[in-house]
Every structure is written in C-alpha cells, then in structure tokens.
Amino acid sequence: MLKIALTVLLVLLGKNNVYASDDAEEARWLVQTATWGTLSWLEEEVSSMVTSIGEHDGSLFINIPFGSEFPGSITISEAQLIPDQFEGAKCGPEGDLDPEDPRCAKLTLSGKFEVVDDEETKKIGQDALFASHPAMKDWPTDHGFTMLKLNVQDLWMIANFGGGGSIPTEDYYAATPAHHPVVGFGNRKTTEKNVARKLGRPEFASAAAHARWLVSQSLWTTISTDASSRLSDGVAWGNIRSVTDGECIFASTGLPVFYLPTPDPTSVDVLANSNIALSFTEASLPELIGDDGQICGGADPEDPTCAKISLHGTARVLGEEEVEYSLKSFGTTHPRASWLASGGAHTGGSYYTIELTGMEFFRNYGGMATISVDDYLNWKPDYGSDFDKCEPRTQSTANATPPSSGEEHMQHGSGEGGQMQHGSGEGGQMQHGSGEGGQMQHGSGEGGYTQHGSGEGGGEEHGSGEGGYTHGSGGEMHSGSEHSSSSETQTSSLTSSNENVVTVTLSYGFLSGTVFGFMLWGPTIALLVYHKLNRGQSYAPIEPTGKITSAQIL
C-alpha cells in the first residue's frame, strides 16, 4: 500500500509536465472567451483598472486613451464569464465553486504592452476588438484611443488543485482553446444562507455612495502588486481573490478584507512591498445584468457608465477582533468557500485589508469622479434607503499592524478544519492547528519556518527547483489547496530575513506519522490522480461574438 501511495505521489509531483497541454488550452480558452480583464501597471504606485480586451490566435489587444508602451499585466477570472452565475459569485460548470476556489480558473498574462504600428497587425487587433466590443467603432477619435498588443513574457494560471504555475509561452500559442472543467472533489458544505440582494443599481446621492455600494456588493477583486521581486523590475501583477466588506452595506467600512495563503505569489509580493491596488467593476455584478443577459445593462466594460473603481494603498494584516468579524462575514457572503470562514487554507496565511491612500473612480462621462478618501470612508448609508439590510458590525478596538518581514502576527481557528497560528522571534512564525482537516506548523528563530501536518485531512507541502510546484491534499475545502510556484516563492514567503533559511525539524514521530499518512491517504491520492486525468469534457473553441453594446463615449 505504501509503495502504491509513493508511486502515485511521484506522478502528482510531475504534473507540470503531464498537464501542460491542458493548462495551455485552458489559458487560451480564458483569453478567447473573456471580454474584459484587469490591467495592472506601475507609476508612482501600483495602479489598476478594468479594460476591454480582444483576442486573435492567443494575442491580446487593448484600446485605451493616449496609450504608450509600458510593462504590465492582464488578469482574467472564470468567475466573470457566465452572467447567470454572478449572483453569489458562483463559478464552475455546476456553479458550486467560489471565485477563490482553485478549480475556478484564474490567469495572469504579464509582459510589455506595445503600440501597434504596422497596418496588418492593427487590422487584426481592430477586428478582434470590434467583434466583442462593437461600440468601439463609434468611440470618438479625439479621445486619443491607442491600440496596444501585449508581448507576453509570463503566464501564470491556477485552474485545479495542486497549485498554480507558469505556462511556457510557446505552449500557450501552440495550444487550441478548450475548457477543461474540473469535476469531483466538491465542497462538502451544501447549506447556504439566504442573503437577498436587490437587483438594479440604486439612485445615489453622491459619488461616495456609489463607490461604497460598488465595493460592498463586489465579492471578488483583482489585487495588483509590485512583482519586481519575482518577475522583471517594474512589472505590476494581478491576482484574483475573494473579498468581503461586511455582511451587507450597513456593516461595510469601504475597506474589503481578503485572505492570502503564505505561498501565494500575491503574499510574496506584499511581504516584499506592501503597495497594492484593488479593482472592482459593475461588469461583475448581478444587479447590472439586463433582461437580455448583457452585463452592465448593455454598456461596454470599458465605458465610463459601467462604473469601475481602483482603490490603492498598502496591505495591512488584520487584528484578532477584526479577523473574528471577518470570518463571520466570509461565512455569509462566501458559502462555497468554507475555508475562508474557518481560519484560511491549510498552507497558512493571513487576513488583510487595505490602508487606503487614494482611488480612481469612473461612473459617468467627463472623466474621473471627484471623491476624497475621507468622503469615501466617512459615508454612512441611511437605514431608510433602498439597500439590503443586515445588522451593523460592532466597532473593533483591535490594534492591527501592516505586514513586514519581522512582524509577529497571530491567527486562530478551532473546530472542524480549525487552524491556530502564532508568531514569535524576529521574523519567526509558529503555526498550530488541530481537529479534522487540522494542520500543525511550527517556526522559530530569525526567519525560521518549519511545517508539520497532522489530523484527518492534514496537508503536506512539497516544492523543488526553480518554477517548482507546491502540492497538498485535504478532505474539507478549507484544507484543500491554494498554492504558488517557483523556488523564489519558497524563500520569499517562508522566511523573513535576507538569510532565506528554511528550517525543517524531523523526528521519529514525524517520520512515522508521514508513513502512516501515505497509507491512510493512498486511496485519496489515487482519486486525485484520476480526476487530474479526467478534468472534464474538452469543449470546442468558442468563436468571438458581439456580446456587448454600448452608448457612444462623449
């Protein structure tokens, strides 16, 4: 039994070679199917904004005002593709996945956006954009719209358990677009709180009210970071994460909460540079879906009347009392992501919010809306207004600190899938968990980090080489897998000093437990391999069609 389990595990560890074709096909499908993405770039700070996209043979085109060459990225989520699943932020073929679930495909393409000069390529890009965005034909010429093509230098995707990773550009361009939905290993949590949301955009008395409503109603975001420590210098990078801003707008603060697993690339970026931007758009809201099924009431995602906002500032780790309420809020707003309400992923991680320093908000023609940070944060909904109702949250008195490589932070969880984490030492981290799906992780010393798994559903983590994968398995979804790749992730996220020392303590008990774990989880690993080899039916390429109509930009 042990021999079989070890053999199966070796197959799993080699998945980056076995499944490269499926991953490339899935990436091509996402780019071909999506009509918009989140554009991330660096100026004086991390910046982001939703923009319309067009695709031809894997090449990605954008059309933005007064565009010039710059390094950046485009981020796309499977959660944005099917309007019927927007209510409750559903994803997947059965609508039973959360946007943060690894099986809900997420892709980031990064490189350099280059102005299209030659007429042949310009015609190709124009045809691709106009096919999905017919309103672009009537956009005013005096607004300086410029077509740019992304020269892709890196592709990162997560579309299944076992972690995300890079896709070689040659594989991407050679692949045929096809969707490979993951079947099996569903979330065991089947109950869902009935949180009624009024459809339709309310009337707003101010730009601050509109902005706060948009952020409060959004259940996922693109978090943009400075990825200079992982990728080339000056590249901003986006990643999809689920968010919650209270159980309803009456419990909101305007500062969404999100969870970052320790090995996630975004977590690595934030520990190196806490500058972030959070992007939200009405193109992802069920309230704006028209009777004809069109997003944003038929407006193009890039049209200013399809409101979009980018919050920028620094990432801040939540205090204990803030985490306590956020777990409750995640439980209400993300019933398909039970791990978010139970202390996080088995890899360990932290709950964050944003320390807001500014924003860009487009809600109508005529440029950005004028709104200050104070106006945004101090806005309060009128309880007699036409907003969804819930109990206001109790004001937290917890002291929270921004992330740093030498900080001490604590997270607690209990019960099924519970997790407890404690930090000590300079940059050291100690993490403990128990119960079904539990995990024990211990770390000490300057930048030291040691991990041990125990309990039913406990996970293990493995990574090797540059671009190596991190793998894990678990019973409950909250002890499922959220992973990142590259040896840099291992050194950057698991240490907090320049020494990059990873300490692993082995004992007789640990080795015995490992052998027992292989024997216990052999069948589960075999099932995981089966599902990896049967990711679902491959669908034929989807031809771009005109899906969106829009009023002329004035």
Side-chain angles (χ1 to χ4, degrees), residues 33-39 49-54 62-65 76-91 95 99 129-140 143 145 195-222 245 248-249 279-310 359-369 371 381 385-388 544-554:
T33 309
T35 59
W36 61 271
T38 299
L39 177 64
M49 190 58 66
V50 164
T51 186
S52 296
I53 61 175
I62 62 175
N63 190 28
I64 59 176
I76 301 168
S77 170
E78 185 181 348
Q80 73 189 61
L81 301 182
I82 305 176
D84 288 347
Q85 294 185 347
F86 286 5
E87 178 66 29
K90 303 177 181 72
C91 186
L129 286 164
F130 287 177
S132 296
H133 308 277
M136 281 189 181
K137 299 175 183 178
D138 300 320
W139 286 2
H143 280 43
F145 284 99
V195 182
R197 285 158 58 108
K198 295 181 177 65
L199 299 184
R201 179 199 283 164
E203 294 294 328
F204 300 109
S206 65
H210 191 176
R212 286 287 299 275
W213 176 83
L214 171 54
V215 172
S216 173
Q217 298 300 97
S218 298
L219 296 178
W220 59 274
T221 186
T222 297
D245 185 21
C248 77
I249 198 168
S279 182
F280 304 91
T281 173
E282 288 182 341
S284 68
L285 296 185
E287 290 85 349
L288 274 294
I289 299 174
D291 294 336
D292 57 359
Q294 298 295 310
I295 61 176
C296 255
D300 190 90
E302 196 170 320
D303 192 296
T305 61
C306 182
K308 55 195 70 66
I309 190 170
S310 177
M359 69 197 74
E360 288 82 38
F361 183 34
F362 291 91
R363 63 191 293 250
N364 212 332
Y365 303 121
M368 285 190 297
I371 175 173
S385 60
D386 190 28
F387 290 125
D388 303 321
T545 57
K547 304 170 186 165
I548 308 295
T549 59
S550 172
Q552 178 178 347
I553 294 182
L554 300 177

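This is a predicted model, so every value here is computed, not measured. The first residue of the sequence shown is numbered 1, and numbering continues consecutively from there.
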>> To the nearest 0.5 Å, what is the distance between CD1 on I76 and CG on L81?
In response: 8.5 Å
> What distance do E287 atom CD and C296 atom SG have between them, rounded to the nearest 0.5 Å?
Replying inline: 11.0 Å
>> Less than 4.5 Å apart, side chain to side chain, heavy atoms only: is that true for L214 and L285?
In response: yes
> Any idea which heavy atoms bring S206 and A209 closest together, and the distance?
Replying inline: OG-N, 3.1 Å
> Q80 side chain to W36 main-chain N or O, any donor-acceptor pair under 3.5 Å?
Replying inline: yes
> CD1 of I309 to CE of M368: how many Å apart, nearest 0.5 Å?
Replying inline: 11.0 Å
> Checking E302 side chain against S52 main chain: does a donor-acceptor pair fall under 3.5 Å?
Replying inline: yes
>> Donor-acceptor pair, distance only, cut-off 3.5 Å: does the side chain of T281 make one with the backbone of S284?
In response: no
> Minimum heavy-atom separation for A89 to W220, with atom names?
Replying inline: CB-CD1, 4.3 Å
> Heavy-atom distance under 4.5 Å between the side chains of T305 and Y365, does that happen here?
Replying inline: yes
> Where do P140 and F145 come nearest, in terms of heavy atoms and distance?
Replying inline: O-CD1, 3.7 Å
> Would you find a donor on one side and an acceptor on the other, under 3.5 Å apart, between the side chain of K308 and the backbone of P301?
Replying inline: yes
> Atom CG in L39, atom CD1 in I64: separation rounded to 0.5 Å?
Replying inline: 6.0 Å
> Looking only at heavy atoms, what is the nearest atom pair of R363 and A307, with distance?
Replying inline: CA-CB, 4.1 Å
>> Within the 4.5 Å heavy-atom criterion, are W139 and D300 side-chain neighbours or not?
In response: yes
> For P83 and I295, which heavy atoms make the closest approach, and how far apart are they?
Replying inline: CG-CG2, 3.9 Å
> Do the rings of W213 and H210 sit parallel, tilted or perpendicular, given the 30° and 60° boundaries?
Replying inline: tilted
> From N364 CG over to F362 CZ, what is the distance, rounded to the nearest 0.5 angstrom?
Replying inline: 12.0 Å
> Hey, what do you get for CZ (F280) to CE (M49), rounding to the nearest 0.5 Å?
Replying inline: 11.5 Å
> Do you know which two heavy atoms are closest between G88 and L219, and how far apart they sit?
Replying inline: C-CD1, 3.8 Å
